[in-house]
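Source: prediction; values computed, not measured. Every chain is numbered from 1 and lettered A, B, ... according to where its sequence line falls, protein lines coming before strand lines.
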There are 2 protein chains.
Amino acid sequence: MQLRACHDDFARSAPRSPHHRPEQNLQKLRTTVACAKGQEICPPDCLNAYWWQVETGAARKVLLLPSGQRCIMEFFFPGDFFACHTYGCADIVVEAICEGTVLGRYKRVDIERLTREDSNIARMLRHADVCAAFHMETHILNLWHQRSIDKLLAFLTQIQKRQRRNEFISLPMGRQDIADYLGLSVETVSRALTELKEHGILEFDGTRKLKIAPQAYDFLSLPTNANSNQLMTAA
Amino acid sequence: MQLRACHDDFARSAPRSPHHRPEQNLQKLRTTVACAKGQEICPPDCLNAYWWQVETGAARKVLLLPSGQRCIMEFFFPGDFFACHTYGCADIVVEAICEGTVLGRYKRVDIERLTREDSNIARMLRHADVCAAFHMETHILNLWHQRSIDKLLAFLTQIQKRQRRNEFISLPMGRQDIADYLGLSVETVSRALTELKEHGILEFDGTRKLKIAPQAYDFLSLPTNANSNQLMTAA
DNA sequence: CGCTCCATTGATCTCGATCAAAGTCCGTGG
DNA sequence: CCACGGACTTTGATCGAGATCAATGGAGCG
């Protein structure tokens, strides 16, 4: 039920990026892919050949380590425009998180040819790169924090910003995904969330919907560690 | 003595980037800045106004947290071309690591105007961005590892690749800088290095010069965690 | 109703942070 | 040339946070 609710949330949400409304000639190049939950959005070898945009649902970019661990490099939400420039040869997969995730895609050669003709499209891709860099910096900061509740709170704040509705945050991903993103164990994620709930910092509506209380900003300043949010907002 | 040796190494080393030899019209825009050890390369408010390139020495990009902690986001070595796109409003400083670090710089408006005329320069900046993204991904992976020796070994492998001489690695930065980059304490960095030395994984020549033994690749596979290097090489 | 997946809770142990103290290296000035 | 001072590095001891192992709790689904 929670899951279903969460799916609906993401299914209903419209893309939010200022650059998401593609031009006419961009539309012609666009093809659409629908994915089941957990499914890769395309075979690994052709991932690099496209630019992608999430229409509905959510996706994760996973780095598969030889040990079997899964390092999640990035989450993608509706409207997000992305390509996997680097890591061409590493074990990278992009998977749908929600049931019925839909992505649009453009052949890289096509869209990059268009770039030379249409400066709007060039700007759009450039904007996507800057966003990606920005998300990576935030991710680095997330991982840099030592305390698990700092990581969690910074992460949730980030997600909230990206969803940009001030009420409840909907988490499309499960606890395991959060753990794999933050370099923690599932149990620690769960415990940290419970602790934050008990301190009144988080208010839950089921497992995948929550609200961050304003006092969160005070809370993070007390302990030995940083008050991460000031950074998050500054960033 | 160790320090001096390290300085010399970096002072003597020529830039290595394939794009470092600037065009004629680029040369005209270039100005040069020399910094003492630990000094900021420019006032914080004009950091964003330039593109930078390390000539000799080394630099670090530091995120100053409200708690007083210093999160090092990136190291820069001779030849590295960089700008600080994001984090415009956060407390970012770039500081020289070595005594007598020299950087070249270009006004951003100037170089970005040139971009429109000269596609080589456009490609050069684009290449710098891709490198930066690549380094960030590597950094994320570094931080993601749980065990300190994994972090250290992954870090050192990365530095080795960037210095690109196969013999000894010269570390321009001190232990504290490594700690601030990897989200560890100085003591842990030191202990991890000693442990790796005692296992014959690392061979030291003073505190700032070392060599990674080939067995390092075996070593990392045994423990519960990942063999990070396979990733590092793949990346 | 039972199955499966996911989330939570508990108990234990390990690794890294922290506090504290040497030890090392280097530059400086006598 | 040698002694002192300061920054950096290493080592030791203790403590706590998170990983790990194990079990329970819930929700959706056949």
List the residues meeting salt bridge (Lys or Arg N to Asp or Glu O under 4.0 Å) with [X], not counting sequence neighbours, and say none if there are none.
X: Arg191(A); answer: none
X: Arg105(B); answer: none
X: Glu95(B); answer: Arg60(B), Arg70(B)

Rounded to whole Å, please give me the gap between [atom1] in [X] and [atom2] in [N].
X: Glu195(B); N: dT14(C); atom1: CD; atom2: C1'; value: 13 Å
X: Leu182(B); N: dA17(C); atom1: CG; atom2: P; value: 10 Å
X: Glu99(A); N: dC29(D); atom1: CD; atom2: C1'; value: 13 Å
X: Gln69(B); N: dA17(C); atom1: CD; atom2: C1'; value: 11 Å
X: Leu152(A); N: dA7(C); atom1: CG; atom2: P; value: 13 Å
X: Arg147(B); N: dA19(D); atom1: CZ; atom2: C1'; value: 13 Å
X: Lys209(A); N: dA7(C); atom1: NZ; atom2: C1'; value: 19 Å
X: Gln146(B); N: dC13(C); atom1: CD; atom2: C1'; value: 16 Å

Closest of dT10(D), dT18(C), dA19(D) to the Arg175(B) side chain is dT10(D)

Out of dA7(C), dC8(D), dT10(D), minimum distance to the side chain of Thr207(B) belongs to dT10(D)

TODO: Output yes when at least one side-chain N/O atom of Ser148(A) is less than 4.0 Å from OP1 or OP2 of dG18(D), else no.
DONE: yes

Respond yes when some side-chain nitrogen or oxygen of Arg208(A) is under 4.0 Å from OP1 or OP2 of dA7(C), and no when none is.
-> yes

Remember a base hit wins even if backbone is also touched, and classify Gly38(B) as base, sugar-phosphate or nothing at under 4.0 Å, heavy atoms.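 If one applies the 4.0 Å heavy-atom cut-off, Gly38(B) turns out to touch nothing in the nucleic acid.
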
Does Leu184(A) reach a base, just sugar-phosphate, or nothing at all? Heavy atoms under 4.0 Å. sugar-phosphate

At a cut-off of 3.5 Å, list every protein nitrogen or oxygen paired with a nitrogen or oxygen from nucleotides 11-14 of chain D, distance to 0.1 Å.
{"residue": "dT11(D)", "atom": "OP2", "partner": "Thr194(B)", "partner atom": "OG1", "Å": "3.3"}
{"residue": "dG12(D)", "atom": "N7", "partner": "Arg191(B)", "partner atom": "NH1", "Å": "3.0"}
{"residue": "dG12(D)", "atom": "O6", "partner": "Arg191(B)", "partner atom": "NH2", "Å": "3.2"}
{"residue": "dA13(D)", "atom": "N6", "partner": "Arg191(B)", "partner atom": "NH2", "Å": "3.2"}

* **side chain to side chain donor-acceptor pair (under 3.5 Å) partners for Glu40(B), two or more places apart** =>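 Result, side chain to side chain donor-acceptor pair (under 3.5 Å) vs Glu40(B): none returned.
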
Within the 3.5 Å criterion, strictly below it, is a donor on Asp150(A) or Gln146(A) matched to an acceptor on the partner's side chain?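 Absent: no donor and acceptor within the cut-off.
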
### Task
Say whether Gln158(B) and Asn142(B), considering side chains only, have a donor N or O and an acceptor N or O under 3.5 Å apart.
yes

Show me the side-chain donor-acceptor pairs of residues 181-190 of chain B shorter than 3.5 Å, one per line, residues at least two apart or across chains.
{"residue": "Ser185(B)", "atom": "OG", "partner": "Thr188(B)", "partner atom": "N", "Å": "3.3"}
{"residue": "Ser185(B)", "atom": "OG", "partner": "Thr188(B)", "partner atom": "OG1", "Å": "2.9"}

Ranking Leu193(B) and Val189(A) by the position along DNA chain D of their nearest nucleotide, the one closer to 5' is Leu193(B)

